[in-house]
Amino acid sequence: MDIDFLDTAYTCMKKSVHTKEYAYFVGRLRLAREEAGLTQVQVAKKLQRPQSHISNVESGQQRVDIIELKRFAKIYAKDMSYFIK
């Protein structure tokens, strides 16, 4: 993953309560979705959530718990360790 992308994600979230590590995490979520060839709308349908939820997660505005992370990992065909630095 491009370090500039992570720095940009962190800069965008500076006013939030999230850490640089969380910015990395949400960056990996977005990258995994893109690598899977899925749109936010498609993921939202699979999770039975609104598209705005996926957008909020990817922008760091909404936290993800471990259960939801498992669901994302399954949808993206990734091991959970993929999302953690």
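Residues take their numbers from the sequence shown, with the count starting at 1.
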Discussion item. Within the 4.5 Å heavy-atom criterion, are Leu29 and Tyr82 side-chain neighbours or not?
Written reply: no
Discussion item. Are Val57 and Gln62 packed together at the side-chain level, in the sense that at least one heavy-atom pair is separated by less than 4.5 angstrom?
Written reply: yes
Discussion item. With side chain to side chain contact (heavy atoms under 4.5 Å, CB included) as the criterion, how do Glu35 and Lys78 come out once you've worked through the C-alpha distance, each side chain's angles and the decisive distance to 0.1 Å?
Written reply: CA-CA 10 Å; Glu35 288 177 347; Lys78 301 283 188 191; 2.8 Å; yes
Starting at [atom1] of [X], measure out to [atom2] of [Y] and round the result to the nearest 0.5 Å.
X     : Y     : atom1 : atom2 : answer
Arg33 : Gln40 : CZ    : CD    : 4.5 Å
Ile84 : Asp79 : CD1   : CG    : 9.0 Å
Ser55 : Gln61 : OG    : CD    : 7.0 Å
Asn56 : Gln51 : CG    : CD    : 8.5 Å
Leu31 : Tyr24 : CG    : OH    : 9.0 Å

Worksheet item: Do any pairs count as a ring-ring contact (aromatic ring centres under 6.0 Å, His included) and have a residue in residues 35-75, sequence neighbours left out, and if so which ones?
Response: Phe72-Tyr76
Worksheet item: Under a single-linkage definition using a 4.5 Å side-chain heavy-atom cutoff for Ile, Leu, Val, Met, Phe, Trp and Tyr, are Met80 and Ile54 assigned to the same hydrophobic cluster?
Response: yes
Worksheet entry | Residue list, ring-ring contact (aromatic ring centres under 6.0 Å, His included) with Phe83, at least two apart or on another chain | none
Worksheet item: Is NZ or CZ of Arg63 both nearer than 6.0 Å to the six-membered ring centre of Phe25 and within 45° of the ring axis?
Response: no
Worksheet item: What residues form a side chain to side chain donor-acceptor pair (under 3.5 Å) with Glu34, not counting sequence neighbours?
Response: Arg30
Fill in: Residues forming a side chain to side chain donor-acceptor pair (under 3.5 Å) with Ser52, sequence neighbours excluded
none
Worksheet item: In chain order, what residues pass the side chain to side chain contact (heavy atoms under 4.5 Å, CB included) check against Lys46, with sequence neighbours excluded?
Response: Leu38, Ile75
Worksheet entry | side chain to side chain contact (heavy atoms under 4.5 Å, CB included) partners of Asp65, counting only residues at least two apart | Ile67, Glu68
